[in-house]
Amino acid sequence: MNDETLEKFLGELGALNPTIQAISRGEDPSSWYISMGEDDEAETIAVGVYHREEERKLVLIAGLVVPDEQNEHATYEALLTFNSLWTETSGQRMALDEDGLPTLLMDITLPGLTAEALSEAVEEFAIRALSWAFMLMDGGVSEAEEPQDAEVEQTTPENVLRV
């Protein structure tokens, strides 16, 4: 799929998804920005769409928010843990951009992609990005408290055979 065809394809998204407010071309000729959200500006996010023609994929990118300094370690640990859940997150992953801004990314293969499937993927991506952005704006992930020592009763279940 070339950039012209992709631009027409992206143009169909607005009719499919009422949360898409605008689609604009990026500085890179193979990039676009989709502004998504409700009427409330607090719940609006820009999703970057980068066409990797030679790899036959799109890369969705959303810049988030830098966490509070006191919560950086726990937040970055949570971002790394999120990366390990790729089978549960449709391949979404986190990274830090060149300015240290946490960034959500997702690859979408182009062969067989429909406008409906792309609309759904972009919406799910934007929802997850907004969730992370709100959590980061609220300070990020705080250090977990040490678990309290608890007495655990040692018992052997009846269905266990001792050897």
Side-chain angles (χ1 to χ4, degrees), residues 1-3 6-7 9-11 13-14 16-113 115 117-147:
M1 181 180 296
N2 63 30
D3 286 344
L6 180 58
E7 188 157 14
F9 193 69
L10 290 171
L13 297 183
L16 294 171
N17 191 327
T19 64
I20 294 177
Q21 298 174 341
I23 300 173
S24 57
R25 196 76 185 244
E27 289 181 21
D28 178 330
S30 294
S31 68
W32 294 262
Y33 291 96
I34 300 174
S35 179
M36 299 191 68
E38 302 298 330
D39 293 332
D40 181 6
E41 278 189 32
E43 295 188 17
T44 300
I45 193 158
V47 175
V49 179
Y50 292 84
H51 183 207
R52 306 290 298 171
E53 189 171 0
E54 65 281 355
E55 298 170 38
R56 300 173 61 176
K57 71 179 181 181
L58 298 176
V59 180
L60 303 182
I61 298 176
L64 304 175
V65 179
V66 176
D68 284 350
E69 195 172 305
Q70 67 190 25
N71 295 330
E72 273 185 337
H73 178 78
T75 299
Y76 293 151
E77 190 173 287
L79 297 177
L80 288 172
T81 301
F82 177 84
N83 285 342
S84 72
L85 302 173
W86 61 272
T87 59
E88 299 170 31
T89 63
S90 303
Q92 295 177 6
R93 61 199 182 280
M94 293 287 187
L96 297 179
D97 71 8
E98 61 274 358
D99 298 322
L101 183 69
T103 305
L104 182 65
L105 300 109
M106 180 178 158
D107 297 341
I108 300 176
T109 55
L110 285 171
L113 183 67
L118 180 58
S119 174
E120 185 177 314
V122 169
E123 183 171 17
E124 289 175 12
F125 180 84
I127 289 168
R128 176 138 316 131
L130 277 170
S131 296
W132 276 97
F134 286 135
M135 188 259 310
L136 292 171
M137 283 187 285
D138 199 31
V141 177
S142 60
E143 294 288 341
E145 293 181 14
E146 290 294 318

Does the [X] side chain pair with the main chain of [Y], one donor and one acceptor, at a distance under 3.5 Å?
{"X": "Asp97", "Y": "Leu101", "value": "yes"}
{"X": "Gln21", "Y": "Gly37", "value": "yes"}
{"X": "Ser24", "Y": "Ala22", "value": "no"}
{"X": "Asn83", "Y": "Arg93", "value": "no"}

Students often mix this up, so state it plainly: with edges at 30° and 60°, are the rings of Tyr33 and Tyr50 parallel, tilted or perpendicular?
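Tyr33 vs Tyr50 ring planes: perpendicular.
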Nearest 0.5 Å, please: how far is [atom2] in [Y] from [atom1] in [X]?
{"X": "Glu55", "Y": "Leu110", "atom1": "CD", "atom2": "CG", "result": "10.5 Å"}
{"X": "Leu85", "Y": "Leu80", "atom1": "CG", "atom2": "CG", "result": "11.5 Å"}
{"X": "Phe82", "Y": "Glu88", "atom1": "CZ", "atom2": "CD", "result": "10.0 Å"}
{"X": "Leu104", "Y": "Ile45", "atom1": "CG", "atom2": "CD1", "result": "8.0 Å"}
{"X": "Leu64", "Y": "Met135", "atom1": "CG", "atom2": "CE", "result": "8.5 Å"}
{"X": "Met94", "Y": "Thr81", "atom1": "CE", "atom2": "OG1", "result": "11.5 Å"}

Provide the closest heavy-atom pair for [X] versus [Y] in the form atom of the first, atom of the second, distance.
{"X": "Leu60", "Y": "Ile108", "result": "CD1-CD1, 3.6 Å"}
{"X": "Leu13", "Y": "Ala115", "result": "CD2-O, 3.4 Å"}
{"X": "Ile34", "Y": "Ile20", "result": "CG2-CG2, 3.8 Å"}
{"X": "Glu53", "Y": "Asn2", "result": "OE2-CA, 3.8 Å"}
{"X": "Ala117", "Y": "Leu113", "result": "CB-CD1, 4.0 Å"}
{"X": "Arg25", "Y": "Ser30", "result": "NH2-N, 4.4 Å"}

Take a 6.0 Å sphere around CD of Glu54 and say whether it holds more than 12 heavy atoms from other residues, nucleotides or ligands.
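Yes, CD of Glu54 has more than 12 neighbouring heavy atoms, counting only those of other groups under 6.0 Å.
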Just do the side chain to side chain contact (heavy atoms under 4.5 Å, CB included) check on Val49 and Leu118 with the steps written out, would you?
CA-CA 11 Å; Val49 179; Leu118 180 58; over 6 Å; no
Begin from the C-alpha positions of Arg128 and Phe125 and carry the test side chain to side chain contact (heavy atoms under 4.5 Å, CB included) through to its verdict.
CA-CA 5 Å; Arg128 176 138 316 131; Phe125 180 84; 6.0 Å; no
Determine, step by step, whether Met36 and Asn17 satisfy the side chain to side chain contact (heavy atoms under 4.5 Å, CB included) criterion, reporting the C-alpha distance in whole Å, the side-chain angles of both residues, the deciding distance to 0.1 Å, and the verdict.
CA-CA 9 Å; Met36 299 191 68; Asn17 191 327; 4.0 Å; yes
